[in-house]
Amino acid sequence: MFPDLEPFEIDRMRRFGECRVFEPGDKLFTAGKVGPGLIVIPCGKVQVTRDDGLGNHHEIVTHGPGQFLGELAQMAGRPSLADATALETVRSLIISPDRLRALLVAEAELGERIMRALILRRMGLLELGAGGPIIVGRAENADVLRLRGFLRRNGHPHQLLNSDTDPEAKALIERFHVDPGQLPIVLCPGGQLLRNPGEDELARCVGLVRAIDPNRVYDVAVIGAGPAGLATAVYAASEGLSALVLDCRAFGGQAGASARIENYLGFPTGITGMALMARAYNQAQKFGAEMAIPDEVSRLCAQQCGEDPFILDLHNGERVRARSVVVASGARYRRLDVADLDTYEGASVHYWATPLEAKLCADQEVALVGAGNSAGQAAVFLAGQGVKVRMLVRRPDLAETMSRYLVDRIGGLSNVKVEAGCAVSGLEGSNGALEAVRWRKGSAGEEVRQPINHLFLFIGAEPNTDWLAGSGVKLDGKGFVLTGEDAGGDRHPLETSKRGIFAIGDVRSGSIKRVAAAVGEGAQVVAALHSYLAATTVKAPTLAVMVPNSSATSPSAQAQTS
Ligand SMILES: Cc1cc2nc3c(=O)[nH]c(=O)nc-3n(C[C@H](O)[C@H](O)[C@H](O)COP(=O)(O)OP(=O)(O)OC[C@H]3O[C@@H](n4cnc5c(N)ncnc54)[C@H](O)[C@@H]3O)c2cc1C
């Protein structure tokens, strides 16, 4: 986490940065504000601290000669999560975010050590809950769960102060004159106070997402930051295309919700979906792909003529212009057709099984509906955390829809009980909290009622293609995007009925709904993008993208020049 750099290594880094001197007491960066970048300290001492919201500073680490300051926020050019103050005169080498990304690519061995440290430091902050916003409220409150889930899925640290028990929470409530009905509140690192904010408001306040330059024309806009979209971003950006990735929720897509992915090549012991996707997200940013998360695309205006860029309208009124579009918007979980489901969504009905939910359900019995692999993984994960799981399955046998290894594993767990051939018939509860689940075996069977506070749903997914309405992109009968021959004409296998618009991953009609397949299509589509971009002309010039140690433009731009 805190490697020491040799003087000759710092010398090699000098061409990427500029020197600056700080006097004792000077701030090198401030929480909530975008800092200058990675700061190498050939000489001097710097203390990194976090604010507890009440003005008290707690030390995180003190850096000395040969060390460097920064974590992932510095690579992405996002606001700092901590404060850094010079303890003595500091001679520093400042490497701006774009030059840092160039260094990481150009200096393979040094780059690996720095990247590893940046990731480990973020993980340390996530574990400590240090450096991000402070949420004040009750842990089981639906809005607290929503905000925590959002920050966790975006790999952003935060701290929860229980409004009933934490003295610091009470002090903050008094200090800001907050009425209990206004909880939860969120105190952002920049000092702003939000009262039960939406995810978008919170994301903008903590600097997760910024305004998009409406005049810039990207080589490719990728809609969806699931495995398919992130793979496109990694390959497109590393091959010199300017790429913008938009996602309305968080990076990782459905895969980010997987408790353990065991069938992805190269991970024999399995890996949590969040860990796999966080690696891809950081890798894409290292190569210079831009992320706009959370930003929802509400409409795609297909270009009228080959020279105009495509225009994407965002939910917040912003616009994105791009010469090509990759639709990687995947699928969304299906909801159960049972009365009052929405009343319990948030606090008691869950579509993911992560450590957050497992903690919430510790030592309790939960109902879990579904018989696919995602249901199996969730059941195994929850059972492993000590949760008693009642699996409610429509079919007579799990083996019809679930991989053998998961069926066997479930068979060996004493705290998972499978109720086959049954369907949920009702939910009971009060004030948004679930108290009991009812189900029936067959249509005429007797109804069973079981006191249960948490219901998990893993009953499949529907394509996220509403936003394509009116774009002219052809869909199949179930709403998945048609590509290749099915889309008509002589299309590339991943190209839609509209030239220059491609579709990959779960959203594509006929695709294999697996992480590896989505990643493969994400890599494959980049070759098609190169051919398409090289064959088309463009009115607005694309900007130069980050290529280590050079001012090279993207291949597509080079193609135009030549
Ligand atoms: C719980 C669970 C466990 C799973 N486990 C496994 C496993 O172990 N192994 C395996 O191979 N597969 C697994 N899968 C399936 C696998 O996750 C999917 O096949 C894969 O994630 C598909 O990737 P994708 O990128 O095509 O789409 P998605 O992962 O669905 O990502 C699409 C992204 O697009 C975003 N989006 C949608 N509409 C818009 C819009 N209008 N604007 C902006 N963004 C938008 C969404 O927010 C989402 O992040 C699992 C799925 C689930 C749900």
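Atoms within each ligand, like the ligands themselves, are counted from 1 in listed order.
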Measuring from atom 27 (O) of ligand 1, which candidate in A292, G256, G330 has the nearest non-hydrogen atom? G330
May I ask whether P294 places a heavy atom under 4.0 Å from ligand 1? no
Close side-chain approach of N282 to M115, heavy-atom, < 4.5 Å: yes
Is D295 in contact with ligand 1, taking contact as a heavy-atom separation below 4.0 Å? yes
Between R332 and D466, is the closest basic N to carboxylate O distance under 4.0 Å? yes
Should R146 and D143 count as an ion pair when the cut-off is N to O under 4.0 Å? yes
Contact atoms of ligand 1, heavy-atom distance to A331 under 4.0 Å: 30 (O)
Got a sec: does the CG of D337 have more than 12 other heavy atoms crowding it under 6.0 Å? no
Geometry only, no angles: is C248 polar-contacting ligand 1 at N/O separations under 3.5 Å? yes
For V515 and ligand 1, does the shortest N/O to N/O distance drop below 3.5 Å? yes
Numbered atoms of ligand 1 (with element) below 4.0 Å of G224, judged on heavy atoms: 33 (C), 34 (O), 35 (C)
Numbered atoms and elements of ligand 1 in range of G253, under 4.0 angstrom, heavy atoms: 29 (O), 31 (O), 48 (C), 49 (O)
May I ask you to say whether D219 pairs ionically with R323, meaning some side-chain N is under 4.0 Å from a carboxylate O? yes
For E357 and H454, which I'm curious about, is there any donor-acceptor pair between the side chains at under 3.5 Å? no
Decide, yes or no, whether a salt bridge links R514 with E521 under the criterion of side-chain N to carboxylate O below 4.0 Å. no
Does this structure show an ion pair linking D490 with R499, if we count only N-O contacts that are shorter than 4.0 Å? yes
Any nitrogen or oxygen of A516, main chain or side chain, under 3.5 Å from a nitrogen or oxygen of ligand 1? no
Mind checking whether V297 has an N or O less than 3.5 Å away from an N or O of ligand 1? yes
Closest to atom 49 (O) of ligand 1 among protein heavy atoms sits D247 OD2, 2.6 Å
When you check the side-chain N and O atoms of Y351 and E345, is any donor under 3.5 Å from an acceptor? yes
Is the shortest N/O to N/O distance between A228 and ligand 1 below 3.5 Å? yes
Any N/O of E296 closer than 3.5 Å to an N/O of ligand 1? no
So is A225 polar-close to ligand 1, meaning N/O to N/O under 3.5 Å? no
Less than 4.0 Å between atom 1 (C) of ligand 1 and some protein heavy atom, yes or no? yes
N263 versus ligand 1: do any nitrogen or oxygen atoms come within less than 3.5 Å of each other? yes
Could you say whether the N/O atoms of D506 and ligand 1 ever approach to under 3.5 Å? yes
Once you measure the plane-to-plane angle for Y281 and F251, does it fall in the parallel (<30°), tilted (30-60°) or perpendicular (>60°) bin? parallel
